[in-house]
Every structure is written in structure tokens, then in C-alpha cells.
Amino acid sequence: MRLVGGEEAVSIVRFLMKNPSKSDEEIASALGMNVKDVRRILHKLIDHSLLTYEVAKDKETGHRIFRWRVQQDQVLGYIKTQIRRMAERLRARLEYEQSHQFYYCGTKGCRKYTFEEAVDKLFRCPACGNMLNYYENTRTIEALKQKLQVLEKAI
Ligand SMILES: [Zn+2]
């Protein structure tokens, strides 16, 4: 959901799960948001089939009112797909980290280079000019493994 419309999308979905069949205005006032922003996010969520709506007519003004509901199975499916994708990306990154040696100048903001790249640069960082030294990436690998474990539990 965060990917669809940020934290605000998350709060709208959460609100509609507890309070189905609310209108744009009701959502906006309950969450202290601008109606325009609410509508923008509702449309994004609709694009991903995460919501459905009914159209009613306001008896006094004759205006159409949209009442929104969360498609619970769609939301769950969507979240699972996102988690699976994140896990895939992490797995690829982990494989990359495990199968390469890295060289790093130690300067904050500079990138790390693979052995092949470091040879290419004659073990000098092209950004800051310092020496590129062997960089132990076991901590990166551990951190990736932990993140992956959390995601795999969630699926
Ligand atoms: Zn550097």
C-alpha cells in the first residue's frame, strides 16, 4: 500500500477496513486530510482494484456520493505480492553480495567496487582518490539474511 500512495494510502485503507461504506468527505474529515488528496489516493487504490464503491444520490443536493469499501482479499493478495517481490530483490542482492568481493575507500558517500572494478580503477577510488581496500561484507550479508527471514515469515 505504501507503494501505491504512501502512508496516507495505508491510513485510508485501515480506516475503511474498520468503517466500510464511507464517502470521500467522511474519510477526509475522519483522517484530517484534504478531500482532494483523499480522492487522488482513492483513485490510485481503485486502479489496483483494492477498493470498490457504490454510488448514491444525495437527497438534498442531488449530487452523486461515492461510498468506498476495501476489497479485503485483493488487499491481502496485493500485500503478499509486494512482499514476495521485495523478498526476490533481497535474495538477488544477497546472492550478489555472497558471490563478490568488495573494495571500498572508506569515504562516506563513495560506493563499493567489485574486485574486477577495483582492478580496473587500479585500486584508487575515482570519486575521492583514496585507496580501495578489501571490504568485509559479512555484516551486510547478515543484515540481508535477517530482513529476508522477516519477509519469508510474513508470506
Ligand atoms: Zn572514495
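Note: hydrogens, waters and symmetry copies are ignored here, and every other heavy atom, side chains too, is used. Each ligand, and each atom within it, is numbered from 1 in the order the structure gives.
For residues 125-155, every residue pair satisfying the ring-ring contact (aromatic ring centres under 6.0 Å, His included) rule, not counting sequence neighbours, is listed here: Tyr103-Tyr134, Tyr104-Tyr135. Among residues at least two apart or in separate chains, side-chain hydrogen bond (donor to acceptor under 3.5 Å, both in side chains) pairs with a member in residues 19-28 are Ser23-Glu26, Asp24-Arg39, Asp24-Trp68, Glu25-Arg39, Glu26-Arg67.
Between Arg40 and Asp37 there is a salt bridge, since at least one side-chain N of the basic residue sits less than 4.0 Å from a carboxylate O of the acidic one. The pair Arg84-Glu88 fails the salt-bridge criterion, with no side-chain N (NZ, NE, NH1 or NH2) lying under 4.0 Å from an Asp/Glu carboxylate O.
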Show which side-chain atoms of residues 144-155 pair as donor or acceptor with protein atoms under 3.5 Å away, not counting sequence neighbours.
unit_1 : atom_1 : unit_2 : atom_2 : d
Glu152 : OE2    : Arg91  : NH2    : 3.0

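Inside a sphere of radius 2.8 Å centred on the Zn ion (ligand 1), the protein N/O/S atoms present are Cys105 SG, Cys110 SG, Cys125 SG, Cys128 SG.
Taking the centre of each ring, His48 and Tyr78 come in below the 6.0 Å mark.
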